[in-house]
Amino acid sequence: MTADLTPLALPADDWETWLGDRCDTQLARARELVTELKRGGRDTASTMELWNDVNLAMSNAFAVASLLSNVHPDEAVRSRSEQAEQDAHRLHTELGLDRALFEVLSGVDAAELDEGGRRVLGLVLRDFRRAGVDQDEETRERLRRLAERETEVAQAFSKNIRDGVRRVELDPAQLEGLPQDYLESHQPEDDGKVRISTAYPDYVPYMSFGRDREARRQLVHAYLNRAWPDNDVLLRELLELRREHAQILGYPDWPTYDAEVKMIGKGDAIPEFIDRIAEAADGSGRRDLQVLLDRIRDDHPDVANVTTVDRLFYTGVIRRERFDVDAQQVRTYFDFTKVRAGLLDVTGRLFGIEYVEVDVPTWHEDVASYDVVRDGQLLGRIHLDLHPRSGKYNHAAQFDLVPGIEGRQLAEGVLVCNFSRNLMEHDHVVTLFHEFGHLVHHVLAGRHPWARFSGVATEWDFVEAPSQMLEEWAWDPDVLRTFATNAEGEQIPRELVERMRAAEEFGKAFLVRVQMFYAAVSYHLHRDVPDDITAALRELQERYDLCAYVPDTHFHAAFGHLEGYGSGYYTYMWSLVIAKDLFSAFDPANLFDTEVSYRYRDTILAAGGSRDAADLVADFLGRPYSFDAYETWLNR
Ligand SMILES: [Zn+2]
């Protein structure tokens with residue numbers, strides 16, 4: 001029946017009207033359906049059907065609004081999209097606290113539902129309970145006020161970080177080591193000084209290439225004091241609000257509340273995970289630490305320990321000296337057009353799908369659109385929007401356009417990236433494969449009857465596993481040689497790929513310890529809500545990071561992920577553990593073995609949110625997930 005479905009027709013012009021229609025219509029429909037549901041008197045099947053339609057309408061509105069607010073070239077369309085997004089959020093919050101709606105759904109007899117229906121019902125009742133809908137009116141009022149204040153404080157915290165950019169003044173000679181384009185864009189001002197800010201495009205290249213150690217020290221000091229001391233006070237308030245929020249709902253602390261809906265399951269499993277990973281990274285991390293320290297001392301004999309002042313710079317030095325990877329040479333093999341064609345070819349072979357380019361209207365002429373076809377059947381459509389332009393989202397991410405629903409609508413997704421139109425850096429090629437992992441997940445999981453299961457609808461700490469696993473294909477010499485050729489048509493040398501890989505892997509366990517320090521900060525601050533955050537931070541850095549604390553700095557004041565990730569910064573590493581485990585099912589000598597990749601497609605990707613991630617992984621691997629593959633990778 002899916003064969004009859006057609007992709008969403010995007011307008012050739014007047015996007016503002018189209019967008020208004022699309023979102024307003026969907027949200028109005030969701031409201032009508034909820035009113036209808038609350039009238040009651042329906043049987044189980046039609047109650048759940050109506051609820052599914054509410055979910056579907058909400059997802060449709062959210063998807064279009066969020067995508068267009070990030071990609072549309074016209075400012076007016078972007079702000080109209082933002083407004084639609086806020087409307088959708090408001091309705092979502094309102095429904096979460098709607099007592100009458102909750103009563104209708106909690107009255108559904110689960111015994112009359114099939115497995116999918118029971119799972120949807122279980123999830124929705126859990127969401128309602130977590131929102132506090134079943135609490136008395138006074139408590140619900142307190143929860144509303146807490147949520148409002150949490151949003152305000154979190155926004156102020158993030159704003160202070162955005163506005164808290166600091167600058168150091170350097171003499172032009174202190175820019176030694178930096179690439180030509182950086183020098184050109186950092187000319188001395190009238191007083192003869194060059195100003196370097198703590199914003200990433202200034203800070204990261206300086207810390208990677210700037211030879212002047214004293215300048216690096218000044219820059220680190222400025223960087224690690226952004227938003228200090230203002231955010232210390234705000235963070236303390238945010239931690240208290242979150243603790244109260246969790247405790248009102250009957251949880252001992254925020255991490256316990258937050259982890260309940262993740263693959264990790266329990267709050268106290270987070271510190272166990274962090275300790276286990278830190279321990280696994282200890283040997284190889286300390287070995288690399290010594291290599292770094294020895295190399296730093298060649299230049300600066302008095303340095304006592306490795307800190308942020310030297311870490312990035314000397315990691316780069318060692319990678320260049322030991323592995324002799326010339327980034328300029330590497331990029332000659334990654335011509336954008338060939339890379340894009342290669343990506344489609346590689347993933348098409350892996351997942352048994354074809355991409356048929358289609359000429360349809362989209363929001364910008366850079367966008368390339370393809371129908372995704374499997375065995376002659378149309379599965380959905382993808383749109384690749386891969387080059388920078390003004391007003392566009394400036395990182396790399398996958399966005400939904402339409403969630404796919406069996407028999408009702410085809411999945412459509414979009415990759416939004418900012419790559420060069422000519423030669424690409426290899427790490428951008430890796431990013432492209434990573435993001436494509438999310439996109440293919442979205443499309444392949446687009447054939448469930450339940451909107452709740454559609455696409456990347458899995459636990460948050462599992463979301464990155466399929467995309468991190470697909471990165472492996474961008475590091476494999478045999479895979480790369482299918483599309484990475486230079487202007488003369490020569491394939492990238494196998495030996496060069498191996499050196500690139502070895503260079504990339506130097507210091508990985510050391511970096512894992514930095515990540516575990518961040519994860520521990522995110523967890524422990526939320527669980528303990530310490531009076532002196534800086535003191536807690538120093539203690540955690542000593543315990544987890546192999547880098548030493550830089551005196552008189554306050555990293556937490558500008559650790560923006562404390563807002564979005566809360567106590568869950570561990571999630572990215574958790575996904576990586578699972579990704580390495582999933583990858584262990586593939587034969588490294590033949591990454592195109594379709595027996596394994598088709599099974600992966602069907603058990604993991606196509607399942608979407610229809611089952612718990614741990615069960616999907618166990619199904620695919622034939623055993624529960626384990627840390628073995630990750631630990632082997634870490635210590636090789
Ligand atoms: Zn990702």
Side-chain angles (χ1 to χ4, degrees), residues 59 62-63 66-67 70-71 200 261-264 273 277 339-340 343-344 346-347 350-351 380 382-386 388 392-401 403 411-419 424-446 454-476 504 508 511-512 514-515 518-519 522 560-561 563-566 568-583 600-601 604-609 613 616-617 625 630 633:
S59 309
F62 266 122
S66 155
L67 170 70
N70 281 291
V71 299
Y200 290 122
V261 293
K262 305 264 165 68
M263 191 175 173
I264 203 166
F273 172 73
I277 299 297
V339 170
R340 186 178 64 185
L343 166 80
L344 296 176
V346 167
T347 55
L350 266 183
F351 301 122
I382 57 170
H383 306 273
L384 306 182
D385 183 354
L386 301 180
K392 181 180 157 180
Y393 178 77
N394 57 14
H395 299 280
Q398 181 259 329
F399 288 81
D400 298 350
L401 174 57
E412 288 190 61
V414 184
L415 272 204
V416 182
C417 303
N418 290 278
F419 300 134
M424 296 172 76
E425 313 296 329
H426 179 253
D427 60 348
H428 287 183
V429 177
V430 176
T431 301
L432 180 61
F433 273 74
H434 174 104
E435 298 304 338
F436 203 86
H438 294 303
L439 186 63
V440 80
H441 195 180
H442 173 73
V443 172
L444 290 171
S454 175
V456 189
T458 183
E459 292 100 312
W460 196 19
D461 46 2
F462 179 69
V463 163
E464 296 297 331
S467 51
Q468 294 188 102
M469 192 187 79
L470 202 57
E471 290 179 22
E472 304 278 355
W473 275 257
W475 282 105
D476 182 80
E504 172 77 11
K508 68 186 170 208
L511 290 175
V512 163
V514 178
Q515 290 295 312
Y518 295 165
S522 133
H561 290 312
E563 193 236 311
Y565 279 81
Y569 189 79
Y570 77 89
T571 53
Y572 207 76
M573 196 63 73
W574 177 273
S575 277
L576 186 60
V577 170
I578 307 292
K580 294 291 180 194
D581 201 16
L582 293 172
F583 187 60
Y600 172 75
R601 170 194 70 193
I604 304 275
L605 298 179
L616 299 180
V617 174
Y625 65 82
Y630 175 86
W633 164 77

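Counting convention: from 1, in listed order, for ligands and their atoms alike. By convention here, the first residue in the shown sequence is residue 1. Because only heavy atoms are used, hydrogens play no part in the values below, and waters and symmetry mates are left out as well, while side chains stay in.
- The aromatic rings of Trp574 and Tyr570 sit perpendicular to each other, their planes meeting at more than 60°, with 30° as the lower class boundary.
- The N, O or S atom of Glu464 with the smallest distance to the Zn ion (ligand 1) is OE1.
- In this structure, NE2 of His434 and NE2 of His438 enclose an angle of 100° at the Zn ion (ligand 1), rounded to 10°.
- Backbone or side-chain N, O or S atoms of Glu435 do not reach the Zn ion (ligand 1) at under 2.8 Å.
- Taking 4.5 Å as the limit, every side-chain heavy atom of Asn70 sits out of range of all side-chain heavy atoms of Val416.
- Side chains of Tyr630 and Asp581 form no contact here, defined as non-hydrogen atoms less than 4.5 Å apart.
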Next item on the list: List the steps, then state whether ring-ring contact (aromatic ring centres under 6.0 Å, His included) holds for Tyr572 with Tyr565.
Entry: CA-CA 10 Å; Tyr572 207 76; Tyr565 279 81; 8.1 Å; no
